[in-house]
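A short write-up of the structure that comes next.
Every value quoted in this text rests on a predicted model; they were computed, and no experiment measured them. The figures that follow rest on heavy atoms only: side chains count, while hydrogens, waters and symmetry mates do not. One-based numbering along the sequence shown.
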Amino acid sequence: MGGIVKYVRRWLAPNSMMMLSSPALLTRRLSLAVEESSPSSTAAAPPQMPPFDHTPQPYTGPRADEILAKRKKFLNPAMFLYYKKHAMEGKMQYLYDENGRRYLDAFAGIVTVSVGHCHPTVVDAVVQQTRLLQHTTTIYLHHAIAEYAEALAQRMPGNLKVVYFVNSGSEANDMAMMMARLYTGSFDVIALRNAYHGMSPATMGLTAHSTWKYNVAQGFGVHHVLNPDPYRGPFGADGNLYANDLANLVESATPGRIAGFFHETIQGVGGAVELAPGYLPAAYDIVRKAGGLCIADEVQTGFGRTGSHFWGFQTQGVTPDIVTLAKGIGNGLPLAAVVTTPEIAAVMAQRLHFNTYGGNPMCSAAGHAVLKVLDSEQRQQHCASVGNHLLHRLRALQDKHALIGNVRGRGLMLGVELVTDRQAKTPAKAEAALLMEHLKDLGVLVGKGGLYSNVFRIKPPMCFSMQDADFLVDAMDHVMSKL
């Protein structure tokens, strides 16, 4: 790390104030520093991607620069890009650009491609259903939504047997919040700091990242408690001490009765932060004594991704009152769900409830196919074995590179937090951006998250292999060794 520090200081010195206001320029100067401080004659050969039997179709559409120009002109200006490469085709755990170059996808479309890009079983189910009936709503009787709801409910513990289908995680969490308030007759809702639950006006209030919060009225009745983060939290891995803050908030900032408590089990956007052991059992007890419902956001942790369990909340031995699902539920299709008990679901019958696209035949066919693939290919067990191997290798990499402050997570939902100082835990934001770009050059695509954008989010399609895991870690070692 000493080499890059020397060069970075020299590069930054002339324009230090400009660097503070220009992260992109800072990253570029860091990149130049790396190039200058790494003699090519001594550079180790880059690792090679595992072989894969697939030939992408020739691409004859518009080039990446044309697409980028249209995107800037016609699409939402708030959208951001990781890369300016064009993802043209996908197959299982790989993506291909317009030139046919292959990339290892270690982020799965933001943890959305569960069983693999264009998995043949899912594709066949969608195509077959689309040829028969692409869309109808719940005002008509159709077997696909009923059969899929039954199959999904069978995966849930306890009395979580009633399913509402919607289109996104934001919509699912929005509905869960309304359901909790209707059922309990209370209004106050509690969530965790560092949480992400969506960007609708209601769920933005649940979210606790300034990055994703507009300066508009939001979060009325929502309170945020200390995040039980074993790495950065004030109480380390003691879940019970964090739960004390929740109890104090109920007593001091609410009427003493609450509507519900939202949580992820491993915070996704927050940087793969797994909640401190023992936190959820203590929190659930506090919430239920205050008359509230416990709501598990399984948008990213569900469907066996953690390896040890099918649902993330099961890792702490709790059963929620409401579960929200999205992303991997449909392997990339716009599908989400709210699952709850018959007693809680009954409150929705006070009025008519309707969702135009929720559970349409095509999406129901895709969701059902995903469940079948998870079973036939034993993806939960696969996530456990590959994830344990990957976690072991990443921790060995941590021993080698001081830049890695923390390695965490379960199965194929992992985080690697980069810091410039392990003692102070200073976020290595610029280094993360630089390394991410260099990994792309080697053919590896990772996600980035955390409040400071300094955490690599490693959450690939669940068909990710041992060889892929080794290539990913070797690639990370290669680019970090240049710093």
Item to check | Side-chain H-bond candidate by donor/acceptor type, Arg408 with Asn406, under 3.5 Å | outcome: yes
Checklist entry - Salt bridge or not for Glu66 and Arg63, using N-O below 4.0 Å? => result no
Item to check | Atom pair CE (Met175) and CD1 (Ile322), whose distance is rounded to the nearest 0.5 Å | outcome: 9.0 Å
Next on the checklist: Can you confirm whether the side chains of His389 and Asp470 place a donor and an acceptor under 3.5 Å from each other?
Outcome noted: yes
Item to check | More than 12 heavy atoms of other groups within 6.0 Å of Gln57 CD | outcome: no
Item to check | Asn355 versus Glu171, side-chain donor and acceptor atoms under 3.5 Å | outcome: yes
Item to check | His353 and Tyr164 aromatic ring geometry - parallel, tilted or perpendicular at 30°/60° bounds | outcome: perpendicular
Checklist entry - Going by distance alone, is a donor N or O of one side chain under 3.5 Å from an acceptor N or O of the other, for Asn388 and Arg393? => result no
Checklist entry - In terms of side-chain heavy atoms, does Thr324 have a donor or acceptor partner in Asn173 at a distance below 3.5 Å? => result yes
Checklist entry - What closest approach, in Å, do Arg257 and Ser186 show between heavy atoms, and which atom pair accounts for it? => result CB-OG, 3.7 Å
Checklist entry - Does one side chain, of Arg193 or Gln267, offer a donor that lies under 3.5 Å from an acceptor on the other? => result no
Next on the checklist: Under 3.5 Å, is there a donor on one side chain and an acceptor on the other for Gln300 and Lys327?
Outcome noted: no
Next on the checklist: Under 3.5 Å, is there a donor on one side chain and an acceptor on the other for Glu89 and His54?
Outcome noted: yes
Checklist entry - Does any pair with a residue in residues 98-140 pass ring-ring contact (aromatic ring centres under 6.0 Å, His included), and if so which ones, sequence neighbours excluded? => result His135-Tyr357
Checklist entry - Side chains of His223 and Asp188: do they bring a donor and an acceptor to under 3.5 Å? => result yes
Checklist entry - Would one find more than 12 heavy atoms of other residues, nucleotides or ligands at under 6.0 Å from atom OH of Tyr83? => result yes
Next on the checklist: Please determine whether a side-chain nitrogen of the Lys or Arg among Lys91 and Asp53 lies less than 4.0 Å from a carboxylate oxygen of the Asp or Glu.
Outcome noted: no
